[in-house]
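Only one structure is covered here, and it is reproduced in the block below.
Because the structure is a prediction, the values reported are computed rather than measured. Values below: every heavy atom of this structure, side chains too, minus hydrogens, waters and symmetry copies.
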Amino acid sequence: PKHTKTTAITPITILLHPCLIEPLEHAWEERLIHWENTLLQAQSLAGLYSTLGGGYFLTHQSRAAWHMALQQWRAAVILNDVQMQWRCQINLAYNLIQNCRGRRVALQSARRIIRHVQ
């Protein structure tokens, strides 16, 4: 005859205890929520400024595009996003070139911005 091995199932009881971490102070929670809201606003504004700035640039409204690039750069500073800051500086240089065609000072400023980014 075949021998079959039977395995007994033993029930295990697991007790879960809540963490014994004290709740955060109310003032700390408020600060954390404030910074999170600031971060979300800066991210949203950066996207908005990028979209508007690109639209203004494509329609040759370079002064408005300049303003949007500058606002996006400010949002990038708040976010501490260095790559976004560089892109904004490139956009500022493009706007200088488009807005001030033939002006030597504007072209020199645009070159300085681009060299700084490189």
If we only count heavy atoms from C-beta on, is the His34 to Thr38 side-chain gap below 4.5 Å? yes

| field | Backbone of Gln41 reached by a side-chain donor or acceptor of Ser44 within 3.5 Å | value | no

Tightest non-hydrogen contact, residues Trp73 and Gln89, listed as NE1-NE2, 3.9 Å

The reported gap from CG in Leu70 to CG in Asn95 (rounded to nearest 0.5 angstrom) is 10.5 Å

Side-chain heavy atoms nearer than 4.5 Å, only ILVMFWY residues, links allowed to pass through others: does that put Leu45 and Leu92 together?
no

Output for pair (Cys88 SG, Gln71 CD), nearest 0.5 Å, gives 10.5 Å

Cluster overlap Met84 with Tyr49, hydrophobic side-chain contacts below 4.5 Å | no

Nearest heavy-atom approach of Gln43 to Leu79 is CG-CD2, 3.7 Å

**Request:** Decide yes or no for Gln72 and Asn91: does some side-chain heavy atom of the first lie under 4.5 Å from some side-chain heavy atom of the second?
**Result:** yes

request  = Examine distances only and state if a side-chain atom of Ser50 and a backbone atom of Ala46 form a donor-acceptor pair shorter than 3.5 Å.
outcome  = no

For atom OH of Tyr56, is the number of surrounding heavy atoms from other residues, nucleotides or ligands below 6.0 Å larger than 12? no

CZ of Arg63 to CE of Met68, rounded to nearest 0.5 Å, is 14.5 Å

| message | If hydrophobic clusters are built from ILVMFWY residues whose side chains come within less than 4.5 Å, do Leu40 and Leu48 share one? | response | no

